[in-house]
Amino acid sequence: AFRAVPPPLYTGASASTRAAATRPLAALTVGLLDTYKRVQPEFRYLPSFNPRRCLTNPSDPVGNDGHDNSECNMLLYVGDVLGQKPGQRYKVVESLGKGTFGQVIKAEKLDDLLPPRRSGNSGGGGGGG
């Protein structure tokens, strides 16, 4: 009783426009950023605006000025950077579970660039001759 109807032909349309016409999800997402900018010209997208997923369970801040949960585990979020010294900084990637002494996380080491070292005479006239 029902027969398949071919999609409408778009003469001169780009391949992405034709694909969007046959795939509803693609049609909703292909030009989303442009649509937002047309509606509100001040619109800016920055990845830092994305909400970060909390890896600690329970995730309600209770102690240590809101940095720990009720089990005294540090609240960790995807993308957190642990450590401050160059060469000893790690970015939190995911939770691997809990161990005997607390949380076990997967992290990647951040390669910090060290400031350039000064060598030789800087022209300051501070010789000792």
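Keep in mind that this is a model prediction, so the values were computed, not measured.
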### Task
For residues Arg52 and Asp80, determine if any side-chain heavy atom of one lies less than 4.5 Å from a side-chain heavy atom of the other.
yes

### Message
Using the side-chain hydrogen bond (donor to acceptor under 3.5 Å, both in side chains) criterion, which residues pair with Thr56? Sequence neighbours excluded.
### Response
Gln103

### Query
Taking only residues two or more places apart in sequence or in another chain, which ones pass side chain to side chain contact (heavy atoms under 4.5 Å, CB included) with Asn57?
none

### Gap between atom CZ of Arg53 and atom OG of Ser95 - 0.5 Å precision
8.5 Å

### Task
To the nearest 0.5 Å, tell me how far Ile105 CD1 sits from Leu96 CG.
8.0 Å

#### Entry: Point-to-point distance, once rounded to the nearest 0.5 Å, from CG of Asn64 to CG of Asn73
11.5 Å

### Query
Which residues pass the side chain to side chain contact (heavy atoms under 4.5 Å, CB included) test with Glu108, sequence neighbours left out?
Lys91, Val93

### Working for side-chain contact (heavy atoms from CB on, under 4.5 Å), residues Leu110 and Val81
CA-CA 9 Å; Leu110 298 176; Val81 176; 3.8 Å; yes

### Task
Could you tell me whether the side chain of Leu82 reaches within less than 4.5 Å of the side chain of Met74, counting heavy atoms only?
yes

### Task
Please identify each residue that fulfils side chain to side chain contact (heavy atoms under 4.5 Å, CB included) with Pro61, with sequence neighbours left out.
Leu75

### Query
If every non-hydrogen atom of Glu71 is compared with every non-hydrogen atom of Asn69, which pair is closest and at what distance?
N-OD1, 2.9 Å

### Query
Taking only residues two or more places apart in sequence, or in another chain, which ones meet Tyr77 in a ring-ring contact (aromatic ring centres under 6.0 Å, His included)?
none

### Spacing of Lys37 atom NZ and Arg44 atom CZ [to the nearest 0.5 Å]
10.5 Å

### Query
Taking only residues two or more places apart in sequence, or in another chain, which ones meet Leu32 in a side chain to side chain contact (heavy atoms under 4.5 Å, CB included)?
Tyr36

### Query
Are Val92 and Val78 connected, step by step, through hydrophobic side chains (Ile, Leu, Val, Met, Phe, Trp, Tyr) whose heavy atoms are closer than 4.5 Å?
yes

